[in-house]
Amino acid sequence: MSTDKTERVYIFDTTLRDGEQSPGCSMNLEEKLKIAALLDDMGVDIIEAGFPMASKGDFDSVQQVAKTVKNATVCGLSRAIRKDIEVCAEAIAPAEGRRIHTFISTSPLHMKHKLQMDEDTVIEAIKESVSFATKFTDDVEWSAEDGSRTEDDFLCRAVETAINAGARTINIPDTVGYATPNDYSALIAMLVNRVPNIDKAILSVHCHNDLGLAVANSLAGVQAGARQIECTINGIGERAGNAAMEEIVMAMRTRQNQYPFTNNIKTEMITKASRTLSKITGFNVQPNKAIVGANAFAHESGIHQDGMLKHRGTYEIMTPESVGLTESNLVLGKHSGRHAFRAKLEDLGYKLGDNALNDAFNRFKDLADQKKEIFDDDIIALMDDQNRMDKTQDIQFETLIVHAGTDGPQTSEITLNVEGKSKTAKASGNGPVDAMFKAIRDIYPHDETELLLYNVHAVTGGIDAQAEVTVRLQEHGHIVNGKGADVDTMIASAKAYVHALNKLAHIRAVSLQNGGAAPIYEVGP
Ligand code: KIV
Ligand code: ZN
């Protein structure tokens with residue numbers, strides 16, 4: 001990418017705020033810090049880490065992100081309310097680069113029904129909130145919520161007011177994903193042409209994907225003059241999600257003739273970011289999803305394969321390597337020794353003491369007995385699973401026997417260790433998974449818990465691939481994701497369920513310590 005003739009577009013990632021707001025995508029503190037570190041390494045300019053006033057959990061995670069992020073500006077969201085802004089300022093205070101993002105609705109529909117405020121009152125609120133925010137940082141962003149359904153004259157007045165009050169970034173959200181690329185580009189161009197002080201701020205786009213147009217709208221906005229794009233990894237977010245960062249940056253990289261802009265993203269980290277987020281949230285991307293779907297670089301038909309062999313450019317507009325997709329290397333097998341295993345772990349970023357290495361090596365040998373070829377992803381799944389099976393957890397999985405198939409009834413007999421005591425239960429059900437979950441319920445009653453999701457995903461290709469199972473449970477408004485991996489899908493399912501139950505047990509324990517007050521966020525491994 002040339003940097004001399006081209007203009008810079010800032011990438012504002014809101015995976016941890018708008019993304020995390022989507023049902024079932026909630027992350028615990030440790031998970032948020034992992035994503036923040038990844039975004040920082042990727043070269044994201046601004047990380048919107050949360051909405052500090054929303055809960056103590058949000059406050060803590062924004063503050064921890066602010067303490068740990070090295071390069072990116074850390075941003076917190078706040079309504080046009082003084083208390084929100086003060087709390088937001090406190091949460092982002094430890095960061096070197098700090099941004100307060102304050103917003104208020106500007107569309108007639110929102111002003112009348114949601115805010116019950118008239119135009120003049122909204123203008124006063126903009127003046128007051130933006131100028132108050134500038135007392136804490138000179139990096140203040142203001143958003144016109146439902147901006148794409150706002151009347152032009154009023155939007156111009158609101159934007160001019162926010163800039164005069166000190167906002168340096170003006171964001172125009174297509175909050176409900178209603179705009180089309182033509183509408184949205186005309187809207188941004190209208191602001192560029194009509195707002196007298198627009199040169200004192202960077203215009204930003206924030207598009208939702210209700211009509212599947214979020215990325216197209218964002219790019220149209222940039223062509224019309226915006227220079228910041230708000231987006232999320234894998235496009236997660238409210239309802240149909242936000243604009244997907246990987247699609248935006250790869251469109252800019254691949255179509256420089258249309259989008260002659262630079263950005264700071266290391267696109268080679270896209271696959272890692274997408275997979276890490278999927279693992280954490282349990283939301284796998286659809287196989288045909290652009291850039292990060294399992295089939296995005298697969299060429300199935302004979303004609304395409306023939307073309308690819310003759311010249312890759314026949315059917316490939318970007319290389320898999322450019323998004324960090326490399327063939328998963330065959331690394332180790334049954335005969336590999338401890339030394340090679342340790343070297344591989346270090347290569348993958350795991351540094352273990354001698355005892356932990358012994359445990360991991362034994363588990364690796366067990367896996368190698370069941371699976372001929374061990375890939376990097378297998379080792380990562382094995383290590384993640386080992387961390388989840390931490391011996392300090394209340395409930396430990398021990399053994400499982402299932403009866404499945406056409407000759408019913410399907411039954412499961414499971415043994416768990418609950419707080420140091422081995423307990424066994426047997427149950428029948430609609431298939432072995434249902435039977436197993438019932439047996440777990442018999443051993444460890446949890447009547448107020450609801451199963452929201454059960455998802456199986458193969459870690460690698462091949463019929464001997466390890467299964468990675470996600471189980472999402474909800475109890476009194478707390479949603480947790482449990483994960484388990486094994487070559488046996490039933491064992492992976494049991495481990496995932498137990499992992500989720502341990503997380504809920506931890507939340508209950510924290511609640512008791514707080515004198516019965518509901519804990520604010522998921523805690524624990
Ligand atoms: O979609 C939206 O309008 C938002 C704002 C709060 C920026 O997320
Ligand atoms: Zn949004």
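Counting starts at 1 for both ligands and their atoms, in listed order.
One finds no salt bridge joining E90 and K83 here, because no Lys/Arg side-chain nitrogen approaches an Asp/Glu carboxylate oxygen to under 4.0 Å.
Put simply, the side chain of D18 never gets that close to the backbone of G237: no donor and acceptor are under 3.5 Å apart. Of the possible donor and acceptor atoms, none in the side chain of N28 sits under 3.5 Å from a partner among the backbone N and O of K32.
By the neighbour-count criterion of 12 heavy atoms within 6.0 Å, atom OH of Y454 is densely surrounded, having more than that number from other residues, nucleotides or ligands. Within 6.0 Å of CD on Q258 lie more than 12 heavy atoms contributed by other residues, nucleotides or ligands.
Taking the ring centre of F51 as origin, the terminal cationic atom of R17 falls outside the region bounded by 6.0 Å and 45° from the ring axis.
In this structure, H446 has its ring center under 6.0 Å from that of Y497.
Between the side chains of T470 and N455, no donor N or O sits under 3.5 Å from an acceptor N or O.
Checked against I202 for a side-chain contact (heavy atoms from CB on, under 4.5 Å), the options E141, Q228, R8 give a single hit: Q228.
Ordered by chain and number, D18 OD2, H206 NE2, H208 NE2 make up the set of protein N, O or S atoms under 2.8 Å of the Zn ion (ligand 2).
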Can you produce the list of protein nitrogen or oxygen atoms under 3.5 Å from a nitrogen or oxygen of ligand 1, alongside each distance?
residue	atom	partner	partner atom	Å
ligand 1	1 (O)	H206	NE2	3.1
ligand 1	1 (O)	H208	NE2	3.0
ligand 1	3 (O)	T175	OG1	2.6
ligand 1	8 (O)	R17	NH1	3.4
ligand 1	8 (O)	R17	NH2	3.0
ligand 1	8 (O)	D18	OD2	3.1
ligand 1	8 (O)	H206	NE2	3.1

